[in-house]
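For reference, the structure is listed below as structure tokens.
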Amino acid sequence: MLPKHAVLHANISTGCTADFVDAILGLGAARASAYVCFANVHMLVEAERNAEFRQILNNAAVVAPDGSPVAAAVRWFRGPAQERMAGMDLLPALLRAAAERGQSVYFYGTTDDVLEAMVWRARRELPTLRIVGAYAPPFRELTDAEDAAEVAAINAADPDLLFVALGCPRQERWMAAHQGRIGACMLGVGQAFRVYAGLEPRLPAWARKLWLEWAFRLWQEPRRLARRYFVTNTRFIYLMARATLG
């Protein structure tokens, strides 16, 4: 498994893209009921504030440094130099590798329109990829009977990799609650579904290297993200400074 390094009170996995792909597909091949988190600043601040969420994050088999500040923080706290491992980048890489290795995938979350666009692209670009299911659950809390039926449907499809897009922190809590119940490696990739589907644009690589993706997303969704970015990012800087000086 990938080595981890502490950033504040979260344990972040380290390695190159090939390391992450191999580790995740290894979990899938083993049919390990494990889950993978993609940690950004919001998740690390939530983990500092909420002990239950911190435990969920640290119980993940893999915690990828999804945000550039998180990847940089690994090095800041005397860890190895680490590149960002964004879910938006690893999702297509994992699908390509799954197609090459004969592993199956299942998409869970978002909406029917997004899933239809995702499946269309995947089948066009990766005709050998085994897509065994795609389901958009209701935007509400499921009853126990509904949840049991969905778990049974996923297990009957028998995927190696289950990609989950329910939004943070809902998807992380969902994966942790279903560990041991779903026989697949679960990955909480959130917004990566819409990007892969071609329904949301992505900044070019040069802009991402300058850490401008947050500004682009804020411009897209100012009402939803303004408080998260300005309050949460300020909190993250404070926590980093306190940990460094302490």
Determine all donor-acceptor pairs shorter than 3.5 Å in which one atom belongs to a side chain in residues 69-81; sequence neighbours excluded.
unit_1	atom_1	unit_2	atom_2	d
Arg75	NH1	Gly79	O	3.3
Trp76	NE1	Thr244	OG1	2.8

Output side-chain donor-acceptor pairs under 3.5 Å for residues 17-24, partner residues at least two apart or in another chain, one line each.
unit_1	atom_1	unit_2	atom_2	d
Asp19	OD2	Cys16	N	3.0
Asp22	OD1	Arg101	NH1	3.4
Asp22	OD1	Arg101	NH2	2.7

Show me the donor-acceptor pairs within less than 3.5 Å that the side chains of residues 119-127 make with the rest of the protein, sequence neighbours left out.
unit_1	atom_1	unit_2	atom_2	d
Arg121	NE	Glu125	OE1	3.2
Arg121	NE	Glu125	OE2	3.1
Arg121	NH1	Tyr196	O	3.0

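In this structure, Arg130 contributes its side chain and Gly102 its backbone to a donor-acceptor pair below 3.5 Å. A donor-acceptor pair is defined here as one N or O able to donate and one able to accept, closer than 3.5 Å; such a pair exists between the side chain of Thr14 and the backbone of Pro3. Between the side chain of Tyr106 and the backbone N or O of Ala184 there is no donor-acceptor pair closer than 3.5 Å. Listed for the Gln171 side chain is a donor-acceptor partner under 3.5 Å among the backbone atoms of Leu166. In this structure a side-chain-to-backbone donor-acceptor pair under 3.5 Å is present from Asn59 to Gln55.
Under the 4.5 Å side-chain heavy-atom criterion for grouping Ile, Leu, Val, Met, Phe, Trp and Tyr, Leu95 is connected to Leu199 within one hydrophobic cluster. No chain of hydrophobic side-chain contacts below 4.5 Å, direct or via other Ile, Leu, Val, Met, Phe, Trp or Tyr residues, connects Met88 to Tyr108. With hydrophobic clusters built from ILVMFWY side chains whose heavy atoms lie under 4.5 angstrom apart, Leu161 does not share a cluster with Val151. When hydrophobic clusters are built by joining Ile, Leu, Val, Met, Phe, Trp and Tyr residues whose side-chain heavy atoms come closer than 4.5 Å, directly or via intermediates, Tyr238 is grouped together with Leu44. Linking ILVMFWY residues whenever their side-chain heavy atoms come closer than 4.5 Å, directly or via other members, places Ile12 and Phe53 in the same cluster.
A search for side chain to side chain donor-acceptor pair (under 3.5 Å) contacts involving Asp160 returns Arg31, Ser104, not counting sequence neighbours.
Ring pair Phe163/Phe107 is tilted by interplanar angle, where 30° to 60° counts as tilted.
Distance check: Arg96 CZ to Thr128 OG1 gives 12.5 Å after rounding to the nearest 0.5 Å. Rounded to the nearest 0.5 angstrom, Cys168 SG and His42 NE2 are separated by 5.0 Å. Here the straight-line distance linking atom CD1 of Ile154 with atom NE2 of His178 works out to 7.0 Å at 0.5 Å rounding. The distance from the CG atom of Leu25 to the CD atom of Gln103 is 4.0 Å, given to the nearest 0.5 Å. Rounding to the nearest 0.5 Å places CD1 of Ile56 at 8.0 Å from CG of Asn50. Here the OH atom belonging to Tyr35 is positioned 8.0 Å from the CE atom belonging to Met186, to the nearest 0.5 angstrom.
Residues Pro137 and Glu150 approach most closely at CB-OE2, 3.9 Å, considering heavy atoms. In terms of heavy atoms, Leu239 sits closest to Glu48 at CD1-CG, 3.6 Å. Contact between Ala243 and Leu8 at its shortest, heavy atoms only, is CB-CD2, 3.9 Å. Taking every heavy atom of both residues into account, Asn58 and Asn11 meet most closely at OD1-N, 2.9 Å. Closest approach of Gly190 and Ala165 over heavy atoms only: O-CB, 3.4 Å. Leu27 and Met1 make their closest contact through CD2-CE, 3.6 Å (heavy atoms, listed as atom of the first residue, atom of the second, distance).
Between Glu146 and Arg140, at least one side-chain N (NZ, or NE/NH1/NH2) sits under 4.0 Å from a carboxylate O, which counts as a salt bridge. Between Arg173 and Glu52, at least one side-chain N (NZ, or NE/NH1/NH2) sits under 4.0 Å from a carboxylate O, which counts as a salt bridge.
Proximity of Phe193 to Leu115: side-chain heavy atoms (C-beta onward) are separated by under 4.5 Å at one or more points. Contact check for Arg84 versus Ser68: side-chain heavy atoms found under the 4.5 Å cut-off. Here the side chains of Val189 and Phe38 are in contact, with some heavy-atom distance below 4.5 Å. Considering only heavy atoms from C-beta on, Val41 comes within 4.5 Å of Val45 through its side chain. Contact of the Met118 side chain with the Leu91 side chain is registered, since non-hydrogen atoms from C-beta on lie closer than 4.5 Å.
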Quiz item: Which is it for Glu46 and Arg49 under the side-chain contact (heavy atoms from CB on, under 4.5 Å) test, yes or no, and what are the steps along the way?
Solution: CA-CA 5 Å; Glu46 181 68 15; Arg49 185 188 67 82; 2.6 Å; yes
Exercise. Check the pair Met85 / Asp66 against side-chain contact (heavy atoms from CB on, under 4.5 Å), numbers first and verdict last.
Key: CA-CA 5 Å; Met85 294 291 149; Asp66 184 86; over 6 Å; no
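Residue Leu187 forms a side-chain contact (heavy atoms from CB on, under 4.5 Å) with just one option from Val164, Leu94, Leu162, and that option is Leu94.
Residue pairs meeting the salt bridge (charged side-chain N to carboxylate O under 4.0 Å, His left out) criterion with at least one member in residues 179-196, sequence neighbours excluded: Asp147-Arg181, Arg194-Glu200. Legend: side chain to side chain donor-acceptor pair (under 3.5 Å) pairs involving residues 109-119, not counting sequence neighbours: none detected.
The number of heavy atoms from other shown groups lying within 6.0 Å of CD (Gln179) is above 12.
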